[in-house]
Amino acid sequence: MLDPKLLRTDIDTVITSLARRNFSFPRDEYLQLEETRKTVQIRAEELRQERNSRSKGIGNAKAAGEDIQPLLAQVESLGDELEAANAELNEVQAKLNNLLLGLPNLLDKSVPDGADESANVAIRHWGDIPAFDFSPLDHVDLANNLGLLDMNGAAKITGARFSVLKGGLARLQRALIQFMLDMHTQEHGYQEIYAPYIVNEESLLGTGQLPKFADDLFALKGEQGFALIPTAEVPLTNLVRDEIIASEDMPLHFVAHTPCFRSEAGSHGKDTRGLIRQHQFEKVELVQIVAANASSEAHEALTAHAENILQTLELPYRVVTLCSGDTGFGAAKTYDLEVWLPAQNTFREISSCSNFHDFQSRRMKARWRNPDTGKPELVHTLNGSGVAAGRALVAVLENGQQADGSIRIPAALQPYMGGLTQLQSK
RNA sequence: GGAGAAGUGGCUGAGUGGUCGAAAGCGCUCCCCUGCUAAGGGAGUAUGGGUCAAAAGCCCAUCGAGGGUUCGAAUCCCUCCUUCUCCGCCA
């Protein structure tokens, strides 16, 4: 959520910034709601003040043993007026709030202009694109040839966009997850978290999945408003919702492995083959909660932590700064890590690292106490995949394939595979 | 799932209709005092919002959440959530 005060005092800055996203700010609607809010709120508060002071007067009169009947008569109509004013205020505030919750974040100044992903800017590459002296297969063929993937089984037990991994492939994914968690906890200073895979509406509102992106979620039946998490970002970041964090506890660095559940509404026909786009996938997620003045630096560090995973896995990748039109709803700035997939002959997103500034924390009321001022201040939140395990699995398969169809296991994973150096058919 | 108890400020905890944003203690901050330490004395110490260019000031809200009763609710009523105890079931 944007700062309502900024909207009131400098609406043009907001309009200009959001225009970079191709988002047109409903100026007239906002100005009208805001003006109504102001007059109605002032009136409601005045009425309440009037009621409070009269009630106090009645109390005093009663204590003094006076007749309070005339006083009661005076306040008779006040209650109705106040009730009406309150109803009006609630209504306008709900509308205003709705509008506010639907506004995307302001972009960081350093985000490049551009309409869509074609304008994203690759800022660095790592690793050599592997040269094969045979034509590389995609991960589906590779895994099928090894007898380790059963898409039909998944389709039977659930449906499209689910997968069944077997034997060495299932173990390899588990190895990837273990490896990533160990690296982030032991070398990058994150605290490992195990958290619920089901969250409530407040949490989804806090991180920005709701109200706008309800269609992307798997909602659970029942009246609690529960949904399966689309990413561990939701439970991890909401850990600080409604908290004032003590300065000695700052910054917070969380890492968790969770499955992620996405309905993939609107992506029919996209990446239908294989494990690239699934309704359920495994991911290791990094979340940082930092002071406002530390978030840019934290963003670079967090991205480097995700990069370190790919480097240690010997997977070639590039880092891309998302342009203004491609940056997600709540993010102020995003770096995508794109890993090389030989079969597709292209780079594909394997991690997305974003700085949300105070967008999520304002929704969540997540603050920390700044020792310099003694006052609570909104934190900045960041998150990034560190990295998506399903896609990492794809990348390891495709980049590690050999002429005989076996898969070379990166050295960093071998300890997690009982010393196995390659996957091969028996 | 059944029965019961409880949710108050950073913490402990008092408060059953008005003078309660809330006693007291602890903690914390500042000041004073004692040659150091320990102890002691004094003052301060919630969050959000509105008004304002801003600050001060003033005002409004908040005692788990949401409704209700009342001129007036931390206090009475209803619903929900959470925690604890006992019983049942269970990985």
Side-chain angles (χ1 to χ4, degrees), chain A residues 1-14 30-31 33-101 194-206 220 222-227 235 238-250 358 360-379:
Chain A
M1 195 154 83
L2 303 182
D3 185 357
K5 282 188 185 133
L6 178 67
L7 240 24
R8 278 180 219 135
T9 55
D10 194 4
I11 190 171
D12 290 328
T13 298
V14 174
Y30 167 77
L31 288 176
L33 281 173
E34 174 55 22
E35 195 189 314
T36 309
R37 188 228 99 227
K38 188 167 166 176
T39 52
V40 173
Q41 181 166 351
I42 289 173
R43 192 167 84 245
E45 287 188 1
E46 278 171 356
L47 284 167
R48 213 170 297 141
Q49 186 185 352
E50 177 74 14
R51 184 207 64 189
N52 288 350
S53 72
R54 292 202 181 227
S55 290
K56 200 172 267 186
I58 292 173
N60 289 338
K62 207 174 171 187
E66 297 165 16
D67 180 16
I68 60 171
Q69 276 312 318
L71 293 173
L72 285 179
Q74 282 174 20
V75 275
E76 212 166 44
S77 61
L78 245 181
D80 292 344
E81 276 180 70
L82 180 59
E83 200 176 327
N86 272 337
E88 205 180 335
L89 180 61
N90 287 339
E91 194 185 337
V92 72
Q93 262 173 346
K95 281 184 188 164
L96 202 52
N97 206 246
N98 208 40
L99 190 152
L100 253 37
L101 285 173
Y194 172 80
Y197 301 160
I198 293 174
V199 290
N200 59 32
E201 282 177 350
E202 289 74 28
S203 294
L204 292 160
L205 211 65
L220 268 42
E223 278 150 41
Q224 308 108 127
F226 286 165
N238 275 282
L239 237 25
V240 297
R241 172 155 55 86
D242 293 320
E243 298 289 335
I244 299 175
I245 305 162
S247 63
E248 56 266 31
D249 293 332
M250 290 282 284
D358 59 12
Q360 293 180 323
S361 61
R362 184 170 289 105
R363 289 171 167 241
M364 292 193 300
K365 297 181 188 65
R367 294 157 296 169
W368 74 296
R369 198 172 292 278
N370 185 338
D372 295 337
T373 61
K375 292 291 169 198
E377 292 176 7
L378 291 172
V379 298

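So that the names make sense, note that chain A is the first sequence line, chain B the second, and so on, each numbered from 1.
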Do side-chain atoms of [X] reach the backbone of [Y] as a donor and acceptor pair under 3.5 angstrom?
X        : Y        : value
A:Asn370 : A:Glu377 : no
A:Arg51  : A:Val75  : no
A:Ser361 : A:Leu378 : no

Give me the distance, rounded to whole Å, that separates [N] from [M] when you measure between the [atom1] atoms they each carry.
N     : M     : atom1 : result
B:G44 : B:A24 : P     : 11 Å
B:A6  : B:U51 : C1'   : 41 Å
B:U69 : B:C84 : P     : 35 Å
B:C20 : B:G67 : P     : 27 Å
B:G9  : B:G48 : P     : 16 Å
B:G13 : B:G18 : C1'   : 24 Å
B:U34 : B:G41 : C1'   : 11 Å
B:A14 : B:A22 : C1'   : 10 Å

Please report, rounded to the nearest Å, how far the [atom2] atom of [N] is from the [atom1] atom of [X].
X        : N     : atom1 : atom2 : result
A:Leu82  : B:U70 : CG    : C1'   : 13 Å
A:Asp242 : B:U82 : CG    : P     : 16 Å
A:Arg43  : B:C60 : CZ    : C1'   : 15 Å
A:Asp358 : B:G48 : CG    : P     : 14 Å
A:Trp368 : B:A46 : CH2   : P     : 19 Å
A:Glu201 : B:C81 : CD    : C1'   : 14 Å
A:Lys375 : B:U29 : NZ    : C1'   : 12 Å
A:Glu46  : B:C60 : CD    : P     : 11 Å

Of the listed nucleotides (B:C71, B:G50, B:G48), which one gets closest to any side-chain atom of A:Leu72? B:C71

Given that A:Gln41 and A:Asn90 both sit by RNA chain B, which one's nearest nucleotide is further toward the 5' end? A:Gln41

Quick check on RNA chain B: between A:Ile42 and A:Arg48, whose nearest nucleotide comes earlier from the 5' end? A:Ile42

So, A:Gln41 versus A:Glu45: side-chain donor-acceptor pair below 3.5 Å or not? yes

Distance-only polar pair, side chains of A:Asp80 and A:Ser77, donor-acceptor under 3.5 Å: no

Supply the atom-to-atom distance A:Asn238 CG to A:Gln360 CD, rounded to the nearest 0.5 angstrom. 8.0 Å

Between [X] and [Y], which heavy-atom pair has the shortest distance, and what is it?
X       : Y        : value
A:Val40 : A:Ala85  : CG1-O, 3.7 Å
A:Leu89 : A:Arg37  : CD1-O, 4.3 Å
A:Pro4  : A:Arg362 : CD-CD, 4.1 Å
A:Leu82 : A:Arg48  : CD1-N, 3.8 Å

Checking A:Leu100, A:Asn97, A:Val92, A:Asn98 against A:Leu33 for side chain to side chain contact (heavy atoms under 4.5 Å, CB included), the one that qualifies is A:Val92

Between A:Val379 and A:Met250, is there a side-chain heavy-atom distance shorter than 4.5 Å? yes

Going 5' to 3' along nucleotides 7-12 of chain B, which nucleotides have protein heavy atoms under 4.0 Å from the base (write B), which only from the sugar-phosphate (write S), and which from neither (write -)? ------

Residues of residues 51-61 of chain A with any non-hydrogen atom less than 4.0 angstrom from an atom of RNA chain B: list those, numerically ordered, please. A:Arg51, A:Asn52, A:Ser55, A:Ile58, A:Gly59

Kindly determine whether A:Lys95 and A:Glu91 satisfy salt bridge (charged side-chain N to carboxylate O under 4.0 Å, His left out), including the steps that lead there. CA-CA 6 Å; A:Lys95 281 184 188 164; A:Glu91 194 185 337; 3.7 Å; yes

Establish whether the base of B:G18 is bridged to the side chain of A:Lys62 by a donor-acceptor pair shorter than 3.5 Å. yes

Give RNA chain B the dot-bracket treatment, 5' to 3': Watson-Crick (N1-N3 with N6-O4 or O6-N4) or G-U (N1-O2, O6-N3) under 3.5 Å, [ ] crossing, | other strand. ((((((((.[[[..)..(.....]]]((((((.......))))))((((((.....)))))).[[[[[..)....]]]]])))))))....

Can you tell me if the side-chain N/O atoms of A:Arg8 get under 4.0 Å from OP1 or OP2 in B:C52? no

